[in-house]
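Please read the structure below before turning to the comments.
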Amino acid sequence: MTENHETIDALQWEKRTFAPSEAFKKNSLVVGTHLYDEANEDYEAFWARQAEELVTWAKPWDTICEWNLPFSKWFVGGQLNVSYNCLDRHVLAGKGDKVAIHFEGEPGDTRTVTYAQLLDEVQKFSNVLKGLGVQKGDRVNIYLPMIVEAVVAMLACARIGAAHSVVFGGFSSQALADRINDAEAKVLITADGGYRRGEVFALKPQADEALENTTTVTSVVVVQRGNNPVDMKQGRDHWYHELMATASNDCPAEPMDSEQLLFLLYTSGTTGKPKGIMHTTGGYLTHVTFTHKYVFDLNPEKDIYWCTADVGWITGHSYIVYGPLSNGATQVIYEGVPNFPGNDRMWNIINKYKVTIFYTAPTAIRTYMKWGVEEPAKHDLSSLRLLGSVGEPINPEAWMWYHENIGRGNCPIVDTWWQTETGGIMISPLPGATTTKPGSATFPLPGVGAELLDDAGKPVTRGGGYLTLTHPWPGMLRGIWKDPDRYKDAYWSRFEGRYFAGDGAKLDDDGYLWLLGRVDDVMNVSGHRISTTEVESALVSHPAVAEAAVVGANDATTGQAIIAYVTLVGGSEVDEQVLRNHVASEIGAIAKPKTIYFTPDLPKTRSGKIMRRLLRDVAEGRNLGDTTTLADANVVNELQKRAAEAPSED
Ligand code: WT7
């Protein structure tokens, strides 16, 4: 056994650096450190300046921040309307004809929506909701495909002060029922169906099933999209297009208190029932408007922005709906999967709309790597000037692939760390100001306080530790719906006075932060605490490997043993021993996987996160627990079969 004092061992040190080019800096919003300097001076005053400059208020606030640990309120006493900020103010400024959304349906149908048209549709739908009895403070559930109506529904709720609770369209009827019941929603907005992988997936039948187990929903609005047959329940169910045909397009935006509940978004967490994360109005809008503008270096007159998330996730809320629209951006929304009709659909869309800013997830990038460089090479991607990543640590090799094959070597990459709970981006480069390193989210944004702590709560200045946030920020969650104790327990109990939500990270000599994944995923091998992320990155740095998932399985000798599941780049072959040695040479013999399984796919949640818990169950021969959030359950069955057959390496 080796002595070890580090909270999490940092084994891998990436050396490559990428400074913003002179050409990029020339037109960039921020090239120096002035925003950081200003925020370091007084972070509350900094956020107040952003709120004043970037958001339109109906009534100014009295207090910037009220902080009763762990509850914060921002811009207290101020009033504003989020829908006004996202729509009316742009139209009033003469930008009504500017395109807000280029919608691309999976079958190839398109729809262009200007700010004036979006305002018109949102006002109508606000009146529809009012007509169905929705009042300020009520909750409305949204269960829709990635279509324009999802954006309309969210903004209409915001306009009248109802909180939305969006449930991802890929979730089951049970998941929907649980969320409706917890939020006690009055109205459900859904669709007959949507398109996915060339077929219509039905939503309304799922919604009907969910509603059998709920009691609060009095009306259902159904958008016609899939044209699949559905049952409409008399008195309860209404077609969106029919209600809209007679609705008035005049619904003035009513000013809301800054702390009015804007939405609930449920996140599953590792155990127990989903948590309804609460986000409110003024602080949230300030945070997402600021970060969308500066992290993406947005020029609303020139840029075509595309975030590939679904509105069912926080990324869709903050960086498809509220951030971009508040900034008056033009964006692309795509309904379907990246491999329909071919593996080049994303690159086709970038070329078609001349996308300049592209924001996606590492899991997607690794999938594109697997499909090969020929796919992006078929299309002209020269419109791109900035790339973003979110959702997981991005492995240095995936970062390099993205940089070279999508960014053609000249687009900065912003690796953005944040969470459903943080509301907006917290740790990320500013692309004109920050020298990036592949795989590092770099530094906390101006106005954000982050610090690594060790087990004892002492600051870590180099190496691995727990990522904590040191002071409140405007977009922070205001709590868990109906469960303040769980809120305190889940985020504020591990370290005195600090927000901690489960991520490990390391600091290098230059003070760069490197996210290491959830600390529950850290393995303990012969007393070394090794992050799954580092071993996965070492595996992915082998040219034959597209994706890797690593878990620690109980082991009589070493405490835990490293078990790896590896997906190869299309057409590649490689020996297990070669990969084990590759890991040893990249980060050290201690991190060599004991066993490597080759698999065509990895088990992932619908949002693309690898389900390591399931892989641990497989590796330790346990029966599988809850698999309902898995995107494709077959993947695990296949792996179980293989685990039962495979001999283990020493
Ligand atoms: C967790 C939050 C943030 C919107 C999408 C996910 C992981 C997120 C990064 C990143 C490393 C990341 C963390 C975090 N994560 N972004 N850039 N680098 N890890 O939202 O479902 O609430 O998940 O995603 O583990 O805690 P979420």
Side-chain angles (χ1 to χ4, degrees), residues 8 14 166 168 170-171 263-270 274-279 287-288 291-292 295 307-323 359-366 387-396 398-399 402 413-429 436-445 448 450 464 466-469 475-477 480 490-491 494 499-506 512-522 531-534 536-537 604-613 629:
I8 306 169
E14 167 68 50
V166 182
F168 173 54
F171 274 154
F263 63 84
L264 297 177
L265 185 60
Y266 285 83
T267 157
S268 29
T270 41
K275 301 179 274 199
I277 303 299
M278 297 163 67
H279 284 290
H287 188 158
V288 300
T291 47
H292 181 259
V295 171
C307 165
T308 66
D310 188 282
V311 282
W313 312 118
I314 190 68
T315 310
H317 285 57
S318 301
Y319 299 108
I320 292 178
V321 182
Y322 295 115
Y359 189 30
T360 194
T363 178
I365 296 166
R366 291 188 304 259
L387 303 174
S389 170
V390 60
E392 284 172 277
I394 178 166
N395 325 96
W399 196 103
Y402 197 30
I413 296 179
V414 287
D415 173 10
T416 62
W417 178 89
W418 58 296
Q419 307 176 303
T420 304
E421 292 87 342
T422 68
I425 298 170
M426 301 295 281
I427 301 177
S428 165
T436 57
K437 300 187 185 187
S440 169
T442 72
F443 309 104
L445 287 177
V448 171
Y466 302 104
L467 177 61
T468 69
L469 300 173
M476 74 184 274
L477 76 166
I480 296 175
Y491 305 108
R494 178 69 179 82
Y499 173 90
F500 172 63
D503 281 354
K506 68 183 177 190
Y512 281 67
L513 278 164
W514 302 74
L515 275 299
L516 295 174
R518 317 291 299 184
V519 291
D520 326 334
D521 294 335
V522 169
S531 120
T532 52
T533 299
E534 289 202 312
E536 287 163 6
S537 291
K604 290 183 190 162
T605 64
R606 301 277 187 145
S607 65
K609 290 202 200 314
I610 292 167
M611 291 187 77
R612 290 193 186 71
R613 176 180 60 77
T629 50

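Values below: every heavy atom of this structure, side chains too, minus hydrogens, waters and symmetry copies. Order of listing sets the numbers, starting from 1, for every ligand and every atom in it.
The shortest N or O to N or O distance between T315 and ligand 1 is not under 3.5 Å. Checking only distances, G391 does come within under 3.5 Å of ligand 1, N or O to N or O. In terms of polar-atom proximity, K609 is counted as a contact of ligand 1, with an N or O under 3.5 Å from an N or O of the ligand.
The shortest separation from a heavy atom of T416 to ligand 1 is under 4.0 Å, placing the residue in contact. Between W313 and ligand 1 there is no heavy-atom distance shorter than 4.0 Å.
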_Audit row: E392, K604, salt bridge (charged side-chain N to carboxylate O under 4.0 Å, His left out) steps and yes/no_ = CA-CA 12 Å; E392 284 172 277; K604 290 183 190 162; over 6 Å; no

Passes ring-ring contact (aromatic ring centres under 6.0 Å, His included), Y491 versus F500? Steps please. CA-CA 5 Å; Y491 305 108; F500 172 63; 9.7 Å; no

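Here E392 has backbone heavy atoms under 4.0 Å from ligand 1, and that is the only part of it that gets that close. Both the backbone and the side chain of T420 come within contact range of ligand 1, each with a heavy atom under 4.0 Å.
One finds a salt bridge joining E536 and R612 here, because a Lys/Arg side-chain nitrogen approaches an Asp/Glu carboxylate oxygen to under 4.0 Å.
Short contacts between ligand 1 and Q419, defined as distances under 4.0 Å to a heavy atom of the residue, involve ligand atoms 2 (C), 3 (C), 14 (C), 22 (O), 26 (O).
Looking only at protein heavy atoms, the nearest one to atom 3 (C) of ligand 1 is W418 O, 3.1 Å.
Evaluated by nearest non-hydrogen atom to atom 13 (C) of ligand 1, the leading choice among D503, L516, I427 is D503.
No donor-acceptor distance shorter than 3.5 angstrom exists from the side chain of T291 to the backbone of V295, with no hydrogens or angles considered.
Counted by atom type alone, T315 and Y359 present zero donor-acceptor pairs between their side chains at under 3.5 Å.
The minimum heavy-atom distance linking G504 with I8 is given by the pair CA-CD1, 3.9 Å. The heavy-atom pair separating Y499 from Q419 by the smallest distance is OH-OE1, 2.8 Å.
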